[in-house]
Amino acid sequence: MNIGIDIDDTITNSFETIFADSQKFDIEVAGNDGTLKLLGKVDSHYYIENIYNWNEEQCEGFWTKYFSKALKEAKPRDYAKEVIQKLKQEGNKIYIITSRYEDEVYPNVIKETEKWFAKNEIPYDELVINSQNKAKSCKEKEVNLFIDDSITHCRNIEKAGIKTFTYTTMMNEGIEIEKEGLTRVYSWPQIYKKYQEIKSKRK
């Protein structure tokens with residue numbers, strides 16, 4: 001199988017890494033009180049913008065200061081390394097498909113991302129960055145299964161005829177997606193279990 005996987009908050013705990021920083025920024029820079037306005041109801045990967053209702057300038061200011069920290073200091077989710085290693089050993093192709101992008105403001109995204117994967121011994125076949133349309137990327141790579149915490153991306157990819165697993169986070173846990181035919185997962189061991197179920201049906 002060709003398996004596509006998102007990075008932030010799917011393989012990594014990116015939000016947890018910068019959560020305290022986001023609270024500090026909201027209180028000390030944005031002049032608010034740290035209240036999370038849509039906690040549990042965020043269906044896209046733009047979680048900071050949604051939970052604090054910052055304006056464009058505030059969002060840019062936050063990410064300029066803390067984006068590098070999210071890239072370098074985030075930890076792998078429990079068992080992500082072991083499961084992805086197992087998926088690779090079983091002959092699957094692993095495509096890392098992320099909305100992370102590289103430009104003059106964030107010039108080292110590819111290098112830092114590759115470095116993080118090497119450091120954490122997580123294998124993959126290809127890294128696809130700046131994928132704002134992940135359904136298109138999945139089609140191009142002939143992905144059979146895609147894993148992401150963004151409900152928006154999962155919806156679009158399912159509409160393209162590709163199976164998805166939606167990784168549950170504190171951002172999206174309050175949204176009912178099962179009625180839409182989307183599949184929630186809560187851990188990497190569960191991802192592997194559900195992958196095996198799909199694999200057995202393909203035989």
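It should be emphasised that the depicted structure is a prediction, and the values quoted were computed from it without experimental measurement.
Scored by the salt bridge (Lys or Arg N to Asp or Glu O under 4.0 Å) test, E126 finds K141 as partners (sequence neighbours excluded). Contacts of D78 classified as salt bridge (Lys or Arg N to Asp or Glu O under 4.0 Å), with partners at least two apart in sequence or in another chain: none. Shown here are the salt bridge (Lys or Arg N to Asp or Glu O under 4.0 Å) partners of E140, two or more places apart in sequence or in another chain: there are none. Residues passing the side chain to side chain contact (heavy atoms under 4.5 Å, CB included) test with N130 are Y101, Q132, sequence neighbours excluded.
Within 6.0 Å of CD on Q85 lie more than 12 heavy atoms contributed by other residues, nucleotides or ligands. The neighbour count for E176 CD, taken as heavy atoms of other residues, nucleotides or ligands under 6.0 Å away, does not exceed 12. Residue K111 qualifies as open at atom NZ: its count of foreign heavy atoms under 6.0 Å is 12 or below. Enclosure of atom CD in E142 is not indicated, since only 12 or fewer non-hydrogen atoms of other residues, nucleotides or ligands lie within 6.0 angstrom. Within a 6.0 Å sphere centred on CD of E178, heavy atoms belonging to other residues, nucleotides or ligands number more than 12.
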Just distance, no hydrogens or angles: give the donor-acceptor pairs under 3.5 Å from side chains in residues 66-77, sequence neighbours left out.
| residue | atom | partner | partner atom | Å |
| --- | --- | --- | --- | --- |
| K69 | NZ | D21 | OD2 | 2.7 |
| R77 | NE | D9 | O | 3.3 |
| R77 | NE | T12 | O | 3.3 |
| R77 | NH2 | D9 | O | 3.3 |

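Residues F15 and L38 fall within the same hydrophobic cluster, defined by Ile, Leu, Val, Met, Phe, Trp and Tyr side chains chained together at heavy-atom separations under 4.5 Å. Linking Ile, Leu, Val, Met, Phe, Trp and Tyr residues whenever their side-chain heavy atoms come within less than 4.5 Å places L36 and V42 in a single cluster. Taken together through direct or relayed side-chain contacts under 4.5 Å among Ile, Leu, Val, Met, Phe, Trp and Tyr, I94 and W116 form part of one hydrophobic cluster. Hydrophobic clustering (ILVMFWY, side-chain heavy atoms < 4.5 Å, transitive): L145 and I11 are in one cluster.
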Pair D148-S150, side chain to side chain donor-acceptor pair (under 3.5 Å): steps then yes or no: CA-CA 5 Å; D148 200 325; S150 167; 4.9 Å; no
N133 and S137: CA distance, side-chain angles, deciding distance, side chain to side chain donor-acceptor pair (under 3.5 Å) verdict: CA-CA 7 Å; N133 185 341; S137 297; over 6 Å; no
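Closest approach of G4 to V143, counting heavy atoms only: N-CG1, 3.6 Å. Of all non-hydrogen atoms in K163 and G181, the two that sit nearest each other are NZ-O, 4.3 Å. Shortest non-hydrogen contact noted between G34 and Q23 is O-NE2, 2.8 Å.
Residue I27 is found outside any hydrophobic cluster, as its side-chain heavy atoms come under 4.5 Å of no other Ile, Leu, Val, Met, Phe, Trp or Tyr.
Contact of the F117 side chain with the I84 side chain is not registered, since no non-hydrogen atoms from C-beta on lie closer than 4.5 Å. Side chains of S22 and F62 form a contact here, defined as non-hydrogen atoms less than 4.5 Å apart. Annotation: side chain of W188 is in contact with side chain of I147 (closest heavy-atom distance under 4.5 Å). Looking at heavy atoms from C-beta onward, E158 lies out of side-chain contact with E180 at the 4.5 angstrom threshold. Counting heavy atoms from C-beta outward, Y195 and K86 have side chains that stay 4.5 Å or more apart. Residues L87 and I3 meet the side-chain proximity criterion, which asks for heavy atoms closer than 4.5 Å.
Note that OG of S131 and NZ of K136 are 9.0 Å apart. Values are rounded to the nearest 0.5 Å. Atoms OG1 and CG, on T169 and D149 in that order, are 5.5 Å from each other to the nearest 0.5 Å. Taking OG1 of T183 as the reference point, atom CD1 of I191 lies at 11.5 Å (rounded to 0.5 Å).
Checking D6 against Y167 by side-chain atom types alone, no donor-acceptor pair falls below 3.5 Å.
The backbone N or O of D43 lies less than 3.5 Å from a partner atom in the side chain of T152, making a donor-acceptor pair.
When the options F19, W54, Y52 are evaluated for a ring pair (Phe, Tyr, Trp, His ring centres under 6.0 Å) with F25, the one that passes is W54.
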